[in-house]
Protein chains: 2
Amino acid sequence: MTDIKTGINPLFLREEELRQGIELLFFAYRDFTAEPDAILAEYGFGRAHHRVIYFVGRHPGITVSELLEILRITKQSLSRVLGQLVRERFIVQRTGVRDRRQRLLDLTEKGVELERQLTERQRARIARAYREAGAEAVEGFRKVLLGLVDEADRGRFPSRLPARRGA
Amino acid sequence: MTDIKTGINPLFLREEELRQGIELLFFAYRDFTAEPDAILAEYGFGRAHHRVIYFVGRHPGITVSELLEILRITKQSLSRVLGQLVRERFIVQRTGVRDRRQRLLDLTEKGVELERQLTERQRARIARAYREAGAEAVEGFRKVLLGLVDEADRGRFPSRLPARRGA
DNA sequence: GTCTTTATGTCAGTCATGTTGACATATATG
DNA sequence: CATATATGTCAACATGACTGACATAAAGAC
């Protein structure tokens, strides 16, 4: 048997390593979503509303189809949540110019404010974790997480951050 | 304004960096849970069943209270899922020896088999991501994710993997 | 200009998983 | 003995997912 001196079987190590990864994802995600969930509850909203608000804020003018692809839920599921957000004036729909069948989605001022409030907690949590772990660790975090994402969606994460003209 | 040459505002960079982190977590978690979910559906189970099976498998003889602390759900929520798993013989309960009020939980052979089947996909996905990213990146991944976990639960992740005698 | 496809919306029913609140039982502990 | 703890259970409810069916408007093909 290998590693007799240390008493550690490398297969056990590997298994343990992988299980730690699984659990880190579980606990991190659990705690990462808990804070916004509490705020959402005050508005009578749930996590699904957060996801919609987040991605509409992130991609102004996003179409319903694009949103469905990101969330990987059915249009019926999205419809209820999106309908609420539109009725309560967190999101506005406008007809597409190039394609008049499309409903382009944007946050209202109210929506931007809620988005900011929700995401702020998560940004703070990530910022702290980044700061404590250091730049090199952040690079590794990104590399591994990107490897967990389905091939199809990796293109959403440019390896070099996009430059902006005239910043 | 800073960085006139590159046209990049460092505050924008930081914001973009943090949002990438948020989204990586979302997409990675979405894809990480999708495969087991499909298997669970064949058994008429959901993600909640997976979580229970996983942590009972991970901590044989775990008490109901300990499980509740990990999952952060109410005992009524757990009870439905756990009850099903016990009735369908994936999990057995035995009375605690030191404290006879406790119900210690263990996987049956059937439970171990399902756990293996479910977690195998996730292990494979993580193993691939680890392999592709390299050992250094894995270290960073762990460091950052651990920083996202609430203080209270960080002790679940020993910095040095535990040695086993006589492996 | 018709035909087909696409983008979106909607109605209806179901299921899984979480919640709160109230109460019950057995056992441990002071 | 009195109180606290570990667990279980009943009931009611909310959220967010699903399937299936059907409707409308606009785009695109031929």
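Only this structure's heavy atoms are used, side chains among them; waters, hydrogens and symmetry mates stay out. Every chain is numbered from 1, with letters handed out A, B, ... down the list of sequences.
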A.B. asks: Could you list by number each residue of residues 77-85 of chain A showing a heavy-atom separation from DNA chain D of less than 4.0 Å, or answer none if no residue does?
C.D. replies: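 Here the set is A/Ser77, A/Arg80.
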A.B. asks: Residues in side-chain hydrogen bond (donor to acceptor under 3.5 Å, both in side chains) with B/Arg58, at least two apart?
C.D. replies: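 For B/Arg58, the residues satisfying side-chain hydrogen bond (donor to acceptor under 3.5 Å, both in side chains) (neighbours in sequence not counted) are A/Glu16, A/Glu23.
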A.B. asks: Are the side chains of B/Tyr54 and B/Ile70 in contact, using a 4.5 Å heavy-atom criterion?
C.D. replies: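 Result no, sub-4.5 Å side-chain heavy-atom pair not found.
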A.B. asks: Could you give the CZ-to-C1' distance, from A/Arg72 to D/dC18, as a whole number of Å?
C.D. replies: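 These atoms are roughly 17 Å apart.
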A.B. asks: Report yes or no: does B/Asp150 contribute a side-chain atom to a donor-acceptor pair with the main-chain N or O of B/Ala152 at less than 3.5 Å?
C.D. replies: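 Not a single qualifying donor-acceptor pair exists.
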A.B. asks: Assess the side chains of B/His59 and B/Glu66: does a donor N or O sit below 3.5 Å from an acceptor N or O?
C.D. replies: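 Their side chains do not contain a donor-acceptor pair, so the 3.5 Å distance test is not met.
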A.B. asks: Quick check on DNA chain D: between A/Gln76 and B/Thr63, whose nearest nucleotide comes earlier from the 5' end?
C.D. replies: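 Nearest-nucleotide comparison on DNA chain D picks B/Thr63.
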A.B. asks: Output every pair passing ring pair (Phe, Tyr, Trp, His ring centres under 6.0 Å) with a member in residues 87-124 of chain A, not counting sequence neighbours, ordered by first then second residue.
C.D. replies: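 Ring pair (Phe, Tyr, Trp, His ring centres under 6.0 Å) check on residues 87-124 of chain A returns A/Phe45-A/Phe90.
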A.B. asks: Donor-acceptor pair, distance only, cut-off 3.5 Å: does the side chain of A/Ser77 make one with the backbone of A/Ile73?
C.D. replies: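 No, A/Ser77 side chain to A/Ile73 backbone: no donor-acceptor pair under 3.5 Å.
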A.B. asks: Both distances under 3.5 Å, Watson-Crick or G-U wobble: on that basis, could you give the dot-bracket string for DNA chain C, with [ ] for crossing pairs and | for other-strand partners?
C.D. replies: ||||||||||||||||||||||||||||||
A.B. asks: At under 4.0 Å between heavy atoms, what does B/Gln93 touch on the DNA or RNA strands: base, sugar-phosphate, or nothing?
C.D. replies: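 The answer is sugar-phosphate, as B/Gln93 gets under 4.0 Å only of primed atoms, P, OP1 or OP2.
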A.B. asks: In the structure I gave you, are the side-chain heavy atoms of B/Arg87 and B/Gln84 within less than 4.5 Å of one another anywhere?
C.D. replies: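 Result yes, sub-4.5 Å side-chain heavy-atom pair found.
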A.B. asks: Heavy-atom distance under 4.5 Å between the side chains of B/Gln93 and B/Val86, does that happen here?
C.D. replies: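 Counting from C-beta outward, B/Gln93 and B/Val86 do come under 4.5 Å.
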A.B. asks: Is the shortest heavy-atom distance from the side chain of B/Leu118 to the side chain of B/Leu114 under 4.5 Å?
C.D. replies: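 The answer is yes, as the side chains (C-beta and beyond) meet within the 4.5 Å cut-off.
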A.B. asks: Would you please name every residue forming a salt bridge (Lys or Arg N to Asp or Glu O under 4.0 Å) with B/Arg123, sequence neighbours left out?
C.D. replies: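 Scan of B/Arg123 (salt bridge (Lys or Arg N to Asp or Glu O under 4.0 Å), adjacent residues dropped) gives A/Glu15.
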A.B. asks: Scan residues 107-128 of chain B for pairs that pass ring pair (Phe, Tyr, Trp, His ring centres under 6.0 Å), counting only residues two or more places apart or in two chains.
C.D. replies: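 Listed once each, the pairs would be none.
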A.B. asks: Please tabulate, one pair per line, each protein N/O and nucleotide N/O from nucleotides 26-30 of chain D that are separated by under 3.5 Å, including the distance.
C.D. replies:
{"unit_1": "D/dA26", "atom_1": "OP1", "unit_2": "A/Arg100", "atom_2": "NH2", "d": "3.3"}
{"unit_1": "D/dA27", "atom_1": "OP1", "unit_2": "A/Arg100", "atom_2": "N", "d": "3.3"}

A.B. asks: When you measure from the side chain of A/Gln122 to the backbone of A/Phe32, do you find a donor-acceptor pair of N or O atoms at a distance under 3.5 Å?
C.D. replies: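 Flag set: sc A/Gln122 to bb A/Phe32 pair under 3.5 Å.
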A.B. asks: Listed by chain and number, what are the ring-ring contact (aromatic ring centres under 6.0 Å, His included) partners of B/Tyr43, not counting sequence neighbours?
C.D. replies: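 Not a single residue meets the ring-ring contact (aromatic ring centres under 6.0 Å, His included) criterion with B/Tyr43.
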A.B. asks: Which whole-number value in Å describes the distance from A/Gln102 CD to D/dT24 C1'?
C.D. replies: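 For the pair A/Gln102 CD and D/dT24 C1', the rounded distance is 16 Å.
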A.B. asks: Report the residues that fulfil salt bridge (Lys or Arg N to Asp or Glu O under 4.0 Å) with B/Arg154, sequence neighbours left out, ordered by chain and then residue number.
C.D. replies: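 By the salt bridge (Lys or Arg N to Asp or Glu O under 4.0 Å) rule, B/Arg154 matches B/Glu151.
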A.B. asks: Can you sort out which residues in residues 33-58 of chain A have a heavy atom within less than 4.0 Å of DNA chain C? Ascending by number, please.
C.D. replies: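 Those residues: none at all.
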A.B. asks: Does anything in residues 113-151 of chain A form a ring pair (Phe, Tyr, Trp, His ring centres under 6.0 Å)? List the pairs, not counting sequence neighbours.
C.D. replies: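 Every ring pair (Phe, Tyr, Trp, His ring centres under 6.0 Å) pair that includes a residue of residues 113-151 of chain A, provided the two are not neighbours, is A/Tyr130-A/Phe141.
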A.B. asks: How would you give the extent of chain A contacts on DNA chain C, as first and last nucleotide 5' to 3' within a 4.0 Å heavy-atom cut-off?
C.D. replies: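 Extent of the interface on DNA chain C: C/dT6 to C/dC11.
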